[in-house]
Amino acid sequence: MQVILRLILKRLAAAALTLLLVSVIVFTITSLLPGDAAQTALGQNATPAAVAALRLKLGLDEPAILRYLHWLSGLLSGHPGYSYSDGLPVSALIAKRLPESLLLAAATAVVSVPIALTFGILAAMYRGSMLDRTLSTTALAMVAVPEFLVATVGVLIFAVKLRWVSALTFELDHPSLREFLRGYTLPVLSLCFAVVAQMARMTRAAIVDQLRQPYAEMAALKGVSTSRIVLTHALPNAVGPIVNAIALSLSFLLGGTIIVETIFDYPGIARLMVDAVSYRDMPVLQTCAMIFSAAYLGLVLIADVCAILSNPKLRRQ
Amino acid sequence: MSPFVTPETRSEIPATKPGAAATVTGRKRKSLPLSGRIGLVMVLFWVAVALVGPLIAPHAPGAVVSNKVFGPMSLRFPMGTDYLGRDMLSRVIFGAQYTVGLALAAAVMASASGTVLGLLATISGRWVEEILSRLLDALICVPSTIFALVMVAAFGSSLPFLLLTAALSYVAGAFRIARSLAVNLSVQEYVQAARVRGEGRLHIACVEMLPNMIHPMLADFGLRFMFIVLMLSGLSFLGLGVQPPAADLGSLIRENLSGLDNGAPAVLLPAIAVATLTIGVNLLIDSLPQRGDDA
Amino acid sequence: MSSHQVRVSNLRVVTSDAADRAAVLVKDVSFTIPRGEVLALIGESGSGKTTVALALLGHTRAGCRIAGGSIEVAGTDVLALGSRQILDHRRRRVAYIAQSAAAAFNPARRIMDQVTETTVVGRLMTRNAAREKAVELFRSLALPDPHRIGERYPHQVSGGQLQRLLAAMALMSDPELVIFDEPTTALDVTTQVEVLREFKRLIQERGTTALYVSHDLAVVAQLADRVVVLNSGEVRESGPTMRVLGTPTDSYTRSLVAAATGREAVCALRREVAIAASVGVSGRGDLSEPLEPLLSVDGLTAGYGKVDAEGFPSAIALRDVSLVVKRGGALGVIGESGSGKSTLARALAGIVAPAFGTLRLEGQLLEARMERRPRKQLRRIQIVFQHADAALNPAHTVAHILSRPLKLYFGMHGTERNERIARLLDLVHLDRSMAARRPPELSGGQKQRVNLARALAAEPALILCDEVTSALDAAVGAAILELMAELRRELGLSYVFISHDVSAIRAICDEVTVLYAGQVVDSGPLRRLDDPAAHPYTRLLVSCVPEMRSGWLEDAPATLGQLGTARLDASR
Amino acid sequence: MNHSPTTKAPAQDAGLSRRQVLRGFAAAGALAATSQFSVARAEGPRVGGRIRVASVLSSIADTLDPARGALSTDYTRHYMIYSGLTQFDSRLEAKPGLATSIESDDATLWTVKLRAGVEFHDGKPLTPADVVYSLLRLKDPATGSQVLAIASQIADVRATGPLEVQIRLSAPNVDLPVILADSHFLIVQYGAADFRTAIGTGPYSCVDFNPGVRTLARRNPNYWKPGKPYLEQIELVGISDESSRVNAMLAGDLQLINGVNPRSVQRIRSSSGYTVHETPSGLYTDLVMRQDSRPTNDPDFVLAMKYLLNRDEILQAVFLGHAVLANDQPVPPSSRYYCPDIPQRQYDPDKGRFLLRKAGLGQTHLAMYASPAAERSVDIATLVQESATSAGLALQVNRVPADGYWSNCWMKHPLTFGNINPRPTVDMLFSTFFQSDSPLNESGWRDARFDALLLSARSERNESRRKQMYWDMQKRVHESCGVGIPAFINLIDACDRRLKGYFPIPIGGLMGYNFAEHVWLDD
């Protein structure tokens, strides 16, 4: 357990550094963006007088670096400031969006992880066979088609033509399972297309790698069936890389869903961040970046802890 | 902690020791399996289209040549017309040029600089390694689409910046892989032998390690290429990407998306083009003989 | 004939990848094993012996297939079995004991689960019955704590114990045939004796029919009733063990036996030479011995991991080691796994920085880390690694590999360098045309010769040899040793020859240092190995080297246990 | 009733004072309201039903503050929740709203009579203080108002009675009643500053507002128009992806959408349950040639580019015919001030080439900035590029992301595209985008005669003289201004066929953003 504790502590320190770097990078690039929050908010009506007035109102007259430092010190004390766009506290905006994003990610994970594992395990079990090739090519084809095309085709068939599901995902006032399924089926499936392939490939590769180990041959030679070799011998040893692939895919599900969120009008956090870019809303943008980065670092850490826990040699050290 | 004494009694099958990644180069090339050949044909086809296509394209990519939008396939317009009545065949040809050229160049840049940085991190001191790792961690943290969006918003979508953006978005992943490969290689005995001999770091990185990283990096390159193609099409979805009237294949799908419900070839054909290109690259790379691959 | 438990006739195994250039791995091999007998399948690497053994289980490795012939085990036609019947065949009738138990056990599962797996899955026994039987087998194989050892994970058990656990796993179903595939090759000699002894006892007690696959004639001589000699997939000779090993008729068998006995003979010869030489040296020592030794090591302590306040690393591999290499001398360092002998080589080379102690080369202080050593000192000490394979960059040609030290140390270019490369190849008896090849195209012996040539290119004073022959077949290894002896004579080189193999040490060294658990327990001239006054561990090591006579196993009395368990623990 | 409401008749009589005109406004407005109401009654509007409406964009910049409304979604939201002193009718003239009358003698000092008995959603009555506060805050820089420039015409607003307010302008403007119908001038409660929620006097009250996600509004039973509104609940969302928007409607998830791509019109029309509402409007996308930089300030270049606009091709290829031919001046044919006498400029590449050569610009390379922010400008740009190439001019299309386009590209580079929304009055249009010293004078065009005409027209109470001035101004723009206007774009909405009561108000889509109080849902 001490290994894990030490790993976690070390990673947390590195993560803090990484997050700081992310915020510096985001800050640097956004300060290179043309226009500021006042100009973009006024858009076509941005006369110099109006812009100056709005800048004053938003506090944009302060130097950018000072605003960044304010934001940073605010974040450290748990209060990431106010949105430039509508003056709401950033935390309130995030509080509305983050649960939605987590819900979508969770729903997608619940569907895609078992599918990917099944794909990967079956492909590994029958590697080199027709089934393997079919599954692998299917997975590739799934990811090779741009997301927005998959989503739009899905909407045309299942929402417009068949009317089985909804073409948008609305905020549900009184969610029932039926409503949930209507609203979430298409976005979840579109996202599955994007993530299943990668996880399936990694699963297959990790298991195949284990199947090449002498112990797998030994198991075969003592009369263990192929399926049992894969499931009870190779799989426990392949947990590390598989969990890692899942973690990477899940981190994608939080930040990489911008297209799906746009198409299904899903009120997720990726769209919030894109809005924040469009409106030069530095506090929101930075906070979103922090969330994505923290999620990524956290997931990778969890994956590494899982990998250690799955390995008796490391676990007992 | 002396290594186990393990006589090679398994040499009935060709040696498949870890680290012997380059055995492939030593052994005589086996002919590609069927899937690899299919992949090769697909890739060569699109490379050929990108290279010679523009010479034989019937129209300029921006020319409106028909007053019928989303026209069907016909003798005059073999791939139909697009949402403005432009010739799809010409647009797909020029689109392929952008997709193949841009994505290929970006993937090469990402993989190459990832490899170089990975090597650098491995052979340099702790501080360089730490700084590089943190920096690239920071890059990988931010979702690539959003990163690209910010980059394009800040620097515009001229070709060089698009290239740089795509490369930057994927360099971190390449770095991670290159670094883990390099770390594995750095404990190989031949690297230690070079060190004991008194070789400089540069020599160790470039001469001893690099040649043995190329093949696994190539496998990674295929995926990276596919992701860059998809990222470019994602960018075009968000209204960024290649400058009009030029368009990469993903943009072609995007701009003709409203033709989807009546099955316009203007949207289906570029989709097929993207799929065949990316699948082709991966089939080809997957079927390249890898270390210890028994499939 | 019905007494024949195993009948293999005209077995043919080919590679299946490309039909046009299918290589034949096993050519028309036939043999039988009567019930209750042990047949040994002898051959060097590449002989096809493991392929034959696996065929009895109805298994071929990926890329191979059985192209003809028939295999009958206990009346069952193995090649006619369907995929389900094959599983049953392996669960009930034939058991397999692999070379490396450490690799054959799944690291992520408890030993008991793996030992009982097939009997439970195959419904041969209930779970509880299987566990009881396993414990009983553990006990009969003299495993410590038989009730609880099954609850451990493989990494928590020593190599010799794992090998016995693997045997227990094989015997769970009371199989009709047990296949031993080099089961002791990966073990230290002292462990090997114990394991061999247990195997022999089990075979005798149970009247087991067994196929014993090995390259080691001495081991085979202890266990097998009959032998089949394989070379390049073909049977060269077969017959009763003592007849074949004693009076081989086939030329190949003769060469095998010669290599083994020859080495014994050489050893015997050198033993006497060494004794004579040491007498001679002492006689004219004052005349020829230079004032300072080539290399002297004083109080070397080294290890791995974090360094504590007093400067000790968390895992200490070497403790207060001192030794001296004379100019032109060959110092043998002998020890088993965990003795710290490889760390010694690395510390001398500067790969591992010692925590304490000083190194002196020709009287000059050597920097601990190689980065700090001047190039001239680096040049004077060259290292040759155990895995010839891993020590050569697979991406480069032999010429390129050899050219590096020439360029680095001597700034050689062009024709001069090429000529030197050619001469180096001559020196290690490699054809000059090899220069254009890459390591993957070379055989194991050739690779090790290239490694030697690379070391020689630096024109060193001292070559550190870390288990240089361990990964090679006996005959090939012997040839390398011969070459090294020759080079030493011609070039006046010094060696630090690190090995677990007593006979290899005997073949080349004139001084010996015995390492045990990171400490020097014994040292002296080579004859120290046969000195009755030597350290008990030294004597144990020597007595555990198998000899090619029947009954040796019974005569070899010593076990590590006699040294006391406390010291055994210290070695891990 | 002729094509114009009854307000027209006195207005065309030059002898009447504006004071009388505006009193007429009051009477006619009341009449119009009741007559429309009775028409609706005859068809049987049903009270009840919930609809979901999607506009083109929604983001974290969404606001409940009418002063800061920046997008059609904002305007729509604000008209749902708030009421203005006046309202637009389908001819973009002012009808009474919270004001029952707006009167002025000199078009400078205006007296506004407020409707009695109007209640805010929280039950408080509407008072002059609310009106004074609402109008004056538009002038306050701290408000961040979108109409700071227009509101600065307001010199002062004072409560002059229990239901009376006086507005003093800094200069005469006969269009004030129309300006007050604009969504930014909607009336908020006195002291309103925190717009996390909204309290207005509009037809719907705000139940939930989540920026970038949705606005949920429920029927205001105490709305000051008796019987209205009809719907029980409206959920307003913004969906930027057009195909998502159309698909979601066709899938039954939305009942009303705007910003329909011409390419989707046929598809919606052929569906059984949905219909398209198309409104010709004054919306246009124009090529802006800055007059303060080379070479776009060369009159020959400007004229050449106008000849190189292949209007028919743009109309067909870009808008599929869902647009009206324009003639390089901003007043649409539907306006009563439209000048029909100007001959239509035709696509003439030869003339274009000749003029370019004359200007010495045969081989110039020039960047042309377009953006999704300016509707269809990217497509138009590619077509312009093609025809320019045929005339020997190498134009490079620079597509720029929507965000930042207005502040950093538009009008900043020599050759950009603008996108001008319909304005309620010709005066607003001209004074914002063509007046020499207007900060938004797109092309930086300077024409002293035009400026003089504009000022005179603003205070000119004689309708025919005013019209003549506007005609002259259109001619001047057509001849020499640095904007090329190829087409007026039709506003295309689509809705569920059961949605009734829809009529166009050509200031914008969704009935000039005002659908909420007018439509009902049939069973």
Side-chain angles (χ1 to χ4, degrees), chain A residues 14-15 17-26 29-34 127-128 132-133 136-137 140-141 143-149 152-153 156 160-161 194 198 201 208-209 211-212 214 251-252 254-259 262-263 270 273-274 277-278 285 288-289 292-297, chain B residues 10 16 33-35 38 130-131 133-147 149-151 153-156 173 223 226-227 229-230 232-234 236-238 249-250 253-254 257-258 260-261 267-268 270-272 274-283 286 292-295:
Chain A
L17 203 64
T18 308
L19 288 180
L20 187 71
L21 260 173
V22 169
S23 78
V24 170
I25 292 175
V26 171
I29 300 181
T30 41
S31 60
L32 291 174
L33 288 178
R127 65 187 188 285
D132 175 24
R133 251 167 277 156
S136 299
T137 315
L140 252 185
V143 76
V145 182
E147 262 174 293
F148 60 83
L149 185 63
T152 310
V153 169
L156 281 178
V160 176
K161 292 278 179 323
Q198 183 74 345
R201 277 175 77 101
V208 166
D209 196 40
L211 290 178
R212 290 199 192 113
S251 76
F252 167 84
L254 222 47
T257 54
I258 174 64
I259 289 169
T262 306
I263 288 183
M273 185 160 175
V274 171
V277 175
S278 305
L285 179 61
C288 289
F292 290 139
S293 307
Y296 169 82
L297 295 169
Chain B
R10 286 260 174 77
T16 54
L34 181 65
S35 64
I38 294 174
E130 197 63 20
I131 290 169
S133 298
R134 291 289 80 74
L135 211 65
L136 286 150
D137 255 7
L139 258 183
I140 213 173
C141 276
V142 183
S144 60
T145 321
I146 292 177
F147 176 76
L149 185 105
V150 177
M151 287 289 288
F155 303 110
L223 279 179
M226 177 160 79
F227 287 135
V229 169
L230 293 174
L232 287 178
S233 74
S236 71
F237 177 86
L238 298 171
L249 292 174
I253 306 176
R254 169 59 180 161
L257 201 58
S258 49
L260 186 62
D261 75 305
V267 58
L268 298 181
I272 293 171
V274 169
T276 49
L277 177 61
T278 51
I279 292 177
V281 167
N282 280 281
L283 284 181
D286 282 355
D293 200 347
D294 57 358

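Every chain is numbered from 1, with letters handed out A, B, ... down the list of sequences. The analysis underlying the following values was restricted to heavy atoms, covering all of them including side chains, and did not include hydrogens, waters or symmetry mates.
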Notebook entry, point to check: In terms of heavy-atom pairs under 4.5 Å with chain B, which of A:Thr152, A:Val145, A:Ile25 leads?
Noted result: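 So the answer, after comparing A:Thr152, A:Val145, A:Ile25, is A:Thr152.
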Notebook entry, point to check: Taking A:Leu17, A:Thr18, A:Val22 one by one, which has the highest count of heavy-atom pairs under 4.5 Å against chain B?
Noted result: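 The candidate making the most pairs under 4.5 Å is A:Thr18.
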Identify which part of [X] has an atom lying under 4.5 Å from any heavy atom of chain B, answering side chain, backbone, both or neither.
X	value
A:Ala289	neither
A:Thr262	side chain
A:Val277	side chain
A:Val160	neither
A:Ile259	both
A:Leu32	both
A:Val24	neither

Note to self: Once rounded to the nearest 0.5 Å, what's the spacing between atom CG of B:Leu249 and atom CD1 of B:Ile272?
What the structure shows: 12.0 Å
Notebook entry, point to check: Out of curiosity, A:Leu140 CG to B:Thr278 OG1, how far, rounded to the nearest 0.5 Å?
Noted result: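 Rounded to the nearest 0.5 Å, the CG-OG1 separation comes to 7.5 Å.
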Which of the residues [options] is involved in the greatest number of heavy-atom pairs with chain A at under 4.5 angstrom?
options	value
B:Leu135, B:Val229, B:Ile279	B:Ile279
B:Val142, B:Val274, B:Val150	B:Val150
B:Leu283, B:Leu223, B:Leu277, B:Leu238	B:Leu223

Is there side-chain contact between [X] and [Y], with at least one heavy-atom pair below 4.5 Å?
X	Y	result
B:Ile146	A:Phe292	yes
A:Ile258	B:Phe237	no
A:Glu147	B:Thr145	no
A:Leu21	B:Asp137	no

Checklist line | Set of residues satisfying side-chain contact (heavy atoms from CB on, under 4.5 Å) with respect to A:Ala15, sequence neighbours excluded | finding: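 By the side-chain contact (heavy atoms from CB on, under 4.5 Å) rule, A:Ala15 matches A:Leu297.
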Check: What are the two closest non-hydrogen atoms of A:Phe148 and B:Ser233, and how far apart are they?
Finding: CE2-O, 3.4 Å
Checklist line | Side-chain donor/acceptor of A:Ser136 to backbone N/O of A:Arg133, under 3.5 Å | finding: no
Next item on the list: Heavy-atom distances under 4.5 Å only: say whether B:Leu230 touches chain A with side chain, backbone, both or neither.
Entry: side chain
